[in-house]
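Keep in mind the model is a prediction, meaning the values are calculated, not measured. As the structure lists them, so they are numbered: ligands from 1, and atoms in each ligand from 1.
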Amino acid sequence: MRYEGPIYRPPSEADSLLVQATVGCPHNKCSFCMVYKKGPRFRVRPLAEIQADLAQAAVDLGPRVRSLFLPAGNTLAMPTAELAAVCAQARRLLPNLERITVYASMQSVLAQGAAGLARLKQAGLSRLHVGLESGHDPTLARVKKGVSSREQVAAGRLALEAGLELCLYVILGLAGPADSLAHASATAQVINRINAAGPLTVRLRTLVPKMGTLLLHQINKGRFSLCSPHQVLAEADRLLAELAGPLGLFSDHYTNYLDLRGALPADQERLRQEVAAALALPREAFRPDFVGGQ
Ligand code: SF4
């Protein structure tokens, strides 16, 4: 198997076969993200190369493959016909394949449009992993996400209406202390408006400044402050209080102060009680602040 540049995949795809379809990220501007800042530049791998890797994996692993993830940072930015060809080939060659998933930006969801998404769904694409990060427009602008909350809602609904599963990643603490609760409320509103089109999954992460990022530079210059663990937990509580569901919620990541897992609305009170218990703990009960290296 051939790989180029950083290869990331969501924790939920830990057991997935990874066949690289794209290299880098076409946006590559988010102030908190270090993944592709040193390159390589975004490109789509030649279809023949992707399909050769997939064919080899089918020979090597065949019936053992149940899930397939196609790195890198935004594979939905591929031309529709090429991504559909990869998905269709995977469905043909891997007899026990249950899902095909990619990282996607909301911008790429909108660019694919209803027709493109329907074609990809029909070819076998199952799930989009999307970094929502926040639904708070001032925060989206400050971190250079390149999308508005209105576009997020339109794109998220489009994906669900096409029959694709949607996993949305939210970064707690991304707005800093002053806008913390506004970030939580606006994010809950965006998710609720997307959620009206169908069930989805939300995965929580907590902001950790990364080496070489604009965000770390802003912290070092005194232009941005990290939230304390208690502020992050209060933000999580606001999010839990305002999310309507139906959705699955997970915080399956090393950055988080508390591991929350459940389904909303059924588990809302239990999850909020877990947050309340954590809020009663002293600062020393939580991990220290650190600068991330990956
Ligand atoms: S967070 Fe995602 S969209 Fe933003 S630069 Fe990093 S890989 Fe690209």
Taking only heavy atoms of Lys29, which atoms of ligand 1 are found under 4.0 Å from at least one of them?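 Listed by number with element: 5 (S).
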Go through ligand 1 atom by atom and flag the ones less than 4.0 Å from a non-hydrogen atom of Asn28.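 Those qualifying, in numeric order: 5 (S), 8 (Fe).
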Taking all atoms of both residues into account, what is the closest heavy-atom pair of [X] and [Y], and its distance?
X	Y	answer
His183	His136	CA-CB, 3.7 Å
Gln20	Arg45	O-NH1, 2.8 Å
Phe224	Gly173	CZ-O, 3.9 Å

Under the criterion side-chain hydrogen bond (donor to acceptor under 3.5 Å, both in side chains), which of Glu13, Arg127, Arg9 is the partner of Thr101?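 Only one option passes, and that is Glu13.
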Looking only at protein heavy atoms, which one is nearest to [atom], and how far off is it?
atom	result
atom 2 (Fe) of ligand 1	Lys145 NZ, 4.2 Å
atom 4 (Fe) of ligand 1	Cys30 SG, 2.4 Å
atom 6 (Fe) of ligand 1	Cys33 SG, 2.3 Å

Please check if any side-chain donor atom of Arg238 sits under 3.5 Å from a side-chain acceptor atom of Ser185, or the reverse.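 Present: a donor and an acceptor within the cut-off.
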Do you see an N/O/S atom of Cys25, backbone or side chain, under 2.8 Å from atom 6 (Fe) of ligand 1?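 No N, O or S atom of Cys25 is closer than 2.8 Å to atom 6 (Fe) of ligand 1, so no.
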